[in-house]
*Asks:* 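Would you mind keeping the following structure in view while I ask a few things?
Along the sequence shown, residues are numbered consecutively beginning with 1. Every heavy atom of this structure was used, including side-chain atoms; hydrogens, water molecules and symmetry mates were not.
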Amino acid sequence: FVPWCRKGAVMSVMSEYKALLWSGKALDRNIKRHGSSLVNDFWQLSISAVASGTPASGFAWDRVDYSAEAPAGRWKSAGDVIGDTLIVYGGDDGKQFMSDVWALPLLPLNPNSSLATSTSAVDGSKLPGWVQPTVSSGASGALPSGRRGHVTVAAHKGNVIVMQGGRKKH
């Protein structure tokens, strides 16, 4: 399987051989017969390691199911991976511009492993466990307003995500 065609999704590089795709507005015929729908599905793209200077077999998509409450579907949100956690902020749910922060703790991966997260299923497999962290205001004393279409970039050494721009109202 591959993800439905979509726009306004969060895609972040997790490692040299892994990328993550979450949410967006998609043409998912299982949800809606005509037109696009907001989705909150989660995918991992694995890129085969380079062997002897020549690319190996290519790319593979894997859908990862949630084991706990996940953020509501939205589009034009932004996120990035810091350390072993995917951080997502804001977006548009079709009614309002969101100002929420969600975190998905990930276990360290090697290039040949599949996605593993902090929550174990009954059968011993690893499934995503989203959490909504408490966010306090920084030195400015203010929290960012809800928005869509913004950009976030992880500053890994300081465990900080920098956010720029976006639209604040419909």
*Asks:* Which atom pair, heavy atoms only, marks the closest approach of Asp80 to Ala154?
*Replies:* OD2-N, 3.0 Å
*Asks:* Between Lys18 and Ser46, do the side chains contain a donor N or O and an acceptor N or O under 3.5 Å apart?
*Replies:* yes
*Asks:* Quick check for you: to the nearest 0.5 Å, what is the distance between Asn159 atom CG and Thr85 atom OG1?
*Replies:* 8.5 Å
*Asks:* State plainly whether one hydrophobic cluster holds both Ile161 and Val135, where clusters connect Ile, Leu, Val, Met, Phe, Trp and Tyr through side-chain heavy atoms under 4.5 angstrom apart.
*Replies:* yes
*Asks:* Search all heavy atoms of Asp93 against all heavy atoms of Gly73 and return the closest pair with its distance.
*Replies:* CB-O, 4.0 Å
*Asks:* Output the distance between atom NZ (Lys25) and atom CG (Leu38), rounded to the nearest 0.5 Å.
*Replies:* 6.0 Å
*Asks:* Might you point out which heavy atoms bring Pro144 and Ser99 nearest each other, and give the distance in Å?
*Replies:* O-CB, 4.2 Å
*Asks:* Is there a path of hydrophobic side-chain contacts, each under 4.5 Å between heavy atoms of I, L, V, M, F, W or Y residues, that connects Trp43 with Leu45?
*Replies:* yes
*Asks:* Would a hydrophobic clustering, with Ile, Leu, Val, Met, Phe, Trp and Tyr connected at side-chain separations under 4.5 Å, put Ile87 with Leu143?
*Replies:* yes
*Asks:* For Leu104 versus Gly129, what's the shortest heavy-atom pair and its separation?
*Replies:* CD1-N, 3.4 Å
*Asks:* What are the two closest heavy atoms between Ser12 and Gly79, and how far apart are they?
*Replies:* CB-O, 4.4 Å
*Asks:* Any link between Trp102 and Val81 through a network of hydrophobic side chains (Ile, Leu, Val, Met, Phe, Trp, Tyr) touching at under 4.5 Å?
*Replies:* yes
*Asks:* For the pair Asp92 (side chain) and Arg148 (backbone), establish whether a donor and an acceptor sit closer than 3.5 Å, ignoring hydrogens and angles.
*Replies:* no
*Asks:* Is it possible for you to say whether Met163 and Val101 belong to one hydrophobic cluster, with membership spreading through side-chain heavy-atom contacts below 4.5 Å?
*Replies:* yes
*Asks:* Would you check if the side chain of His150 reaches a backbone N or O of Gly90 as a donor-acceptor pair within less than 3.5 Å?
*Replies:* no
*Asks:* Look up atom CZ in Arg6 and atom OG in Ser23, then write down how far apart they are to the nearest 0.5 Å.
*Replies:* 7.5 Å
*Asks:* Roughly how far, to the nearest 0.5 Å, is the NZ atom of Lys76 from the CE atom of Met98?
*Replies:* 16.0 Å
*Asks:* Please round to the nearest 0.5 Å and tell me the distance separating atom CD1 of Ile47 and atom CZ of Phe59.
*Replies:* 5.0 Å
*Asks:* So, the side chain of Asn40 versus the backbone of Pro71: is there a donor-acceptor pair under 3.5 Å, distance only?
*Replies:* yes
*Asks:* Just verifying a value: how many Å separate Arg147 CZ and Gln164 CD, rounded to the nearest 0.5 Å?
*Replies:* 8.5 Å
*Asks:* Locate the shortest heavy-atom distance separating Ala103 from Pro105; write the atom from each residue and the value.
*Replies:* O-CD, 3.6 Å
*Asks:* Parallel, tilted or perpendicular, judged at 30° and 60°: which one describes the rings of Trp130 and Trp22?
*Replies:* tilted
